[in-house]
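What follows is a short report on a single structure.
These numbers were taken from a predicted model, which means no experiment stands behind them. All residue numbers refer to positions in the sequence shown, counting from 1.
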Amino acid sequence: MNKKMSYGLIAVSTLLASLPATLASANDENLKTTKDIQPVSTNTEKHAEKNETKKISPYDIKLFSIHNLNGFDSGADALYRNFDLTTQLTVDYPYDPYKDKLTYEIVSGPANLEQGEIQIPYGGTIDFSDATTYPDGEYVLSLRSYVIDEFGSLFDTGRVKMNIERVAATIDITGTFDKINPSTITVGSDKTTASNIWKIIDEAGNVVATESSAAVSQATLNQLPEGVYTVETTATLISKYGNPVLDTTTDSFLIRHPESTTSVVGTYNPTSITGTKKITESTLTWEVKDSSGTVLINGTGNTVPVEQTNALGDGSYSVFFTEHSPENETSVSEGSFKIRHPETTISIDKPINPEKVTGTQKIAD
């Protein structure tokens, strides 16, 4: 008997080679009882026990304890235990004496076919979750549980087929100012056959819009009040075995608009004229116009100097503060005031020994 075997099929054929010719031609499925198989003379008692069972049938996956940590268990067929959308399996082999070493090997698949046998602990995990290492596709794994002693090694084997399909949801938020007041939000995935549903969530967690489409319409964006919003999309792909593959991703955007205010303290000859802006990054400008709309004075900032307004002639004036947002939107607010200056007159009826001296005032109060 060979001291080391690499494949379950080799283990079976080696045992059969030591049997009488009439038994060696029997089908592997007939390896069930001691009356069918004679122990190999060099085997230890453990090896003889193995020959008394059907455990060396190379595809008898039922002897392995396998559990999928994700995806779908599609059951067993004549050759494989089948899993769909599964990237993590736990594997154990509960039968003595074949518990000396547990390995798996990728025998077919889209990638990593040169790894050879990889040893894992009993009850350990086979992990295919790294998409960069294990791309989508169907993988066939050969599992082996060994008994090893001074006479060599034997193993029981089984095969697993894993269908891996992934989908990655995507969101693209675009606009002149990136994610502030965006002009376009599109959703999708890395698979053309996947579908998408999106929803927009406000800061309070309320869903304010949702739709199964590839884009958020401009009309939807235009009707959103100011605030921070989260857009969430879920991409759904149906696997070749009919099971759903889902992926959800989120992104955020801001809706904001400028809003200026104007405050005038005093109807006549105001003591203070100030303005405010809503957006910190905005700039604020002001101008004062007369009743005909002619700009008389202007400047930048949140205060109109009173010395400039007091220098205006008597009359009615309008003052405007304009907020210019970083997104090139403007907001104009307005106030009004009047300027008046006192003026007196004196009248003397005659220059010498006047009998009457009178005065007048311009402002009644």
Tell me yes or no: between the side chains of [X] and [Y], is some donor less than 3.5 Å from an acceptor?
X	Y	answer
S74	D84	no
Y146	T103	no
T170	D190	no
S292	T294	yes
S331	H257	no

Nearest heavy atoms of [X] and [Y], plus distance in Å:
X	Y	answer
P305	W286	CD-CZ2, 3.6 Å
N163	E138	OD1-CG, 3.4 Å
P121	L102	O-CD2, 3.8 Å
S252	I173	O-CD1, 3.7 Å
V264	P270	CG1-CB, 3.7 Å
I279	E323	N-OE2, 2.9 Å

In terms of hydrophobic clusters joined by side-chain contacts under 4.5 Å, are [X] and [Y] together?
X	Y	value
Y122	Y104	yes
I164	V91	yes
L237	F83	no
I339	I273	yes
F128	L69	no

Do [X] and [Y] have side-chain heavy atoms sitting under 4.5 Å apart?
X	Y	value
I66	L143	yes
I297	T309	yes
R81	D73	yes
R256	E329	no
Y134	T87	no
T262	F320	no
L85	Y241	no
V306	T271	no

Spell out, as yes or no, whether a donor-acceptor pair under 3.5 Å connects the side chain of [X] to the backbone of [Y].
X	Y	result
N206	D202	no
D92	S65	no
S260	S333	yes
Y80	G75	no

Going from [atom1] on [X] to [atom2] on [Y], what distance comes out if it is rounded to the nearest 0.5 angstrom?
X	Y	atom1	atom2	result
S145	L154	OG	CG	11.5 Å
T261	N302	OG1	CG	9.5 Å
K179	T174	NZ	OG1	11.0 Å
D156	R144	CG	CZ	11.5 Å

* Among T236, T186, T233, which residue meets the side-chain hydrogen bond (donor to acceptor under 3.5 Å, both in side chains) test with N196? ->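 By the side-chain hydrogen bond (donor to acceptor under 3.5 Å, both in side chains) criterion, N196 pairs with just one of T236, T186, T233: T233.
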* To do: Take atom NZ of K356 as the centre, draw a 6.0 Å sphere, and report whether it contains more than 12 heavy atoms from other residues, nucleotides or ligands.
  =>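 Count not over threshold, so no.
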* Does atom NZ of K338 have more than 12 heavy-atom neighbours, drawn from other residues, nucleotides or ligands, at distances under 6.0 Å? ->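 For K338, atom NZ is not crowded (no more than 12 foreign heavy atoms under 6.0 Å).
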* To do: Give the C-alpha distance, both sets of side-chain angles, the deciding distance and a yes or no for side-chain hydrogen bond (donor to acceptor under 3.5 Å, both in side chains) between D127 and S129.
  => CA-CA 6 Å; D127 192 346; S129 57; 2.5 Å; yes
* To do: State which residues pass salt bridge (charged side-chain N to carboxylate O under 4.0 Å, His left out) with K191; sequence neighbours excluded, sorted by chain then number.
  =>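 Residues passing salt bridge (charged side-chain N to carboxylate O under 4.0 Å, His left out) with K191: D136.
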* Asked: Passes salt bridge (charged side-chain N to carboxylate O under 4.0 Å, His left out), K362 versus D314? Steps please.
  -> CA-CA 11 Å; K362 185 162 85 172; D314 288 7; 2.7 Å; yes
* Under the criterion side chain to side chain contact (heavy atoms under 4.5 Å, CB included), which of I171, I200, I180 is the partner of F253? ->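 The side chain to side chain contact (heavy atoms under 4.5 Å, CB included) with F253 is passed solely by I200 among I171, I200, I180.
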